[in-house]
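One structure is given below, encoded as structure tokens.
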Amino acid sequence: QAIRKGAAADKASAPFFLEFWTRMIRLHAMTDADFAWLLGEADAHADGLAMPEGGLTPPEVIAMLREVTARVAENEDRPVAWLGSESNVVVGMVSFTKRAANGRYELGYGTAPAFNGQGMMTRMLAALLPIARAQGHDGLTAETSVDNPASQRVLEKNGFIRAGTRDDPEDGALICWAIDLNEEAEA
């Protein structure tokens, strides 16, 4: 198809641009106030976010993540958790769950059930990686269950490579992943 010029091109491409802009993910650096809102301890989110239909994840998981991120944040001045939103509706959350001896953080993430299978987490991580790089992180790690191909694809699509496997007493067989953010910046 020939490239269109002028007003006709603008009208012809408008649906593409509309779709592109309506599918943008916005990351919101989280504070304890965000966890309070997710747990129903606050009436409204400061940025005007809305919860997705069916919620984000069970309250006990949010409470656990609140504790995990609070521990990680004790020795960190930069954000350690982010809510992702589309059209001001929360679609997922990603956070640093622990720091390895080499200084790299491990990621944990989840998508709101209403948005499963729509590529939200792939886009959230794609938005987070340049932020992590700009904040001076030289790399990140993650772990996925061997039985979770969707999560594995999220990491693969974002440039993570398989770094090994391990067996966890609670979670079973896991694939370990890593990304070197310095190499990504040079590519």
Side-chain angles (χ1 to χ4, degrees), residues 20-100 102-116 118-144 150-151 154-155 157-160 177-185:
F20 178 77
W21 285 108
T22 60
R23 301 294 295 183
M24 292 290 293
I25 293 289
R26 181 173 169 216
L27 292 182
H28 307 260
M30 293 180 72
T31 66
D32 191 64
D34 296 292
F35 284 101
W37 174 71
L38 290 170
L39 290 166
E41 298 169 6
D43 292 334
H45 191 273
D47 289 342
L49 296 179
M51 288 295 287
E53 188 175 322
L56 178 60
T57 193
E60 58 273 11
V61 173
I62 293 172
M64 179 269 302
L65 292 170
R66 185 185 207 178
E67 291 176 18
V68 167
T69 58
R71 278 194 305 273
V72 171
E74 286 176 358
N75 299 311
E76 185 61 68
D77 294 332
R78 303 168 288 191
V80 299
W82 297 263
L83 285 174
S85 70
E86 180 182 70
S87 302
N88 286 332
V89 176
V90 173
V91 298
M93 179 183 158
V94 61
S95 65
F96 296 159
T97 59
K98 60 184 170 185
R99 188 174 189 168
N102 66 3
R104 290 187 174 190
Y105 284 103
E106 181 175 300
L107 292 176
Y109 51 86
T111 304
F115 294 99
N116 281 344
Q118 298 180 35
M120 297 297 179
M121 191 52 60
T122 298
R123 295 196 332 256
M124 281 183 63
L125 286 188
L128 178 61
L129 293 177
I131 292 169
R133 185 179 298 114
Q135 291 178 344
H137 297 285
D138 69 345
L140 299 169
T141 65
E143 294 180 335
T144 60
S151 188
V154 165
L155 295 170
K157 287 179 181 180
N158 279 287
F160 281 75
W177 300 82
I179 187 168
D180 186 330
L181 296 176
N182 292 326
E183 285 182 14
E184 287 291 311

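Hydrogens, waters and symmetry mates play no part in the numbers below; they use all other heavy atoms, side chains included.
- Of the residues Arg26, Gln118, Met120, the one that meets the side-chain contact (heavy atoms from CB on, under 4.5 Å) test with Glu86 is Met120.
- Under the rule for a side chain to side chain donor-acceptor pair (under 3.5 Å), the partners of Ser151 that lie at least two apart in sequence or sit in another chain are Tyr109.
- Around atom CG of Asn102, more than 12 heavy atoms belonging to other residues, nucleotides or ligands sit under 6.0 Å away.
- With rounding to the nearest 0.5 angstrom, the CG atom of Leu128 is 12.0 Å from the CD1 atom of Ile25.
- Under the side chain to side chain donor-acceptor pair (under 3.5 Å) criterion, Glu106 pairs with no residue at all, not counting sequence neighbours.
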As a quick check of understanding, evaluate side-chain contact (heavy atoms from CB on, under 4.5 Å) for Met93 and Met30, giving each step before the final call.
CA-CA 9 Å; Met93 179 183 158; Met30 293 180 72; 3.9 Å; yes
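- Closest approach of Val68 to Thr97, counting heavy atoms only: CG1-O, 3.5 Å.
- In this structure, Leu155 and Ala142 approach most closely via the heavy-atom pair CD1-CB, 3.8 Å.
- The line from OG1 of Thr69 to NZ of Lys98 is 15.5 Å long, rounded to the nearest 0.5 Å.
- Within the 3.5 Å criterion, the main-chain N or O of Ala33 finds a donor-acceptor partner in the side chain of Thr31.
- For Ala134, there are no side-chain contact (heavy atoms from CB on, under 4.5 Å) partners two or more places apart in sequence or in a different chain.
- Note that the CG atom of Asn116 and the OG1 atom of Thr111 stand 5.5 Å from one another [nearest 0.5 Å].
- Remark: of the listed residues Leu140, Ile179, Asp138, Leu181, Asp138 is the sole one forming a side-chain contact (heavy atoms from CB on, under 4.5 Å) with Arg104.
- Partners of Thr144 by side chain to side chain donor-acceptor pair (under 3.5 Å), not counting sequence neighbours, listed by chain and number: Trp177.
- Side-chain atoms of Tyr105 and His137, non-hydrogen and from C-beta on, do get closer than 4.5 Å to each other.
- Side-chain contact between Phe35 and Leu65 is present, with at least one heavy-atom pair separated by less than 4.5 Å.
- Considering only heavy atoms from C-beta on, Trp37 comes within 4.5 Å of Leu83 through its side chain.
- The two atoms that bring Val80 and Val72 nearest to each other are CG1-CG1, 3.8 Å, heavy atoms only.
- A pairwise comparison of heavy atoms in Ala112 and Val90 identifies CB-O, 4.3 Å as the closest pair.
- Contact check for Thr141 versus Phe160: no side-chain heavy atoms found under the 4.5 Å cut-off.
- Looking at residues two or more places apart in sequence or on another chain, you find a side chain to side chain donor-acceptor pair (under 3.5 Å) between Arg78 and Glu76.
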Can you give the donor-acceptor pairs under 3.5 Å from side chains of residues 44-63 to other protein atoms, not counting sequence neighbours?
{"residue": "His45", "atom": "ND1", "partner": "Asp47", "partner atom": "N", "Å": "2.9"}
{"residue": "His45", "atom": "NE2", "partner": "Asp34", "partner atom": "OD1", "Å": "2.5"}
{"residue": "Asp47", "atom": "OD2", "partner": "His28", "partner atom": "ND1", "Å": "3.2"}

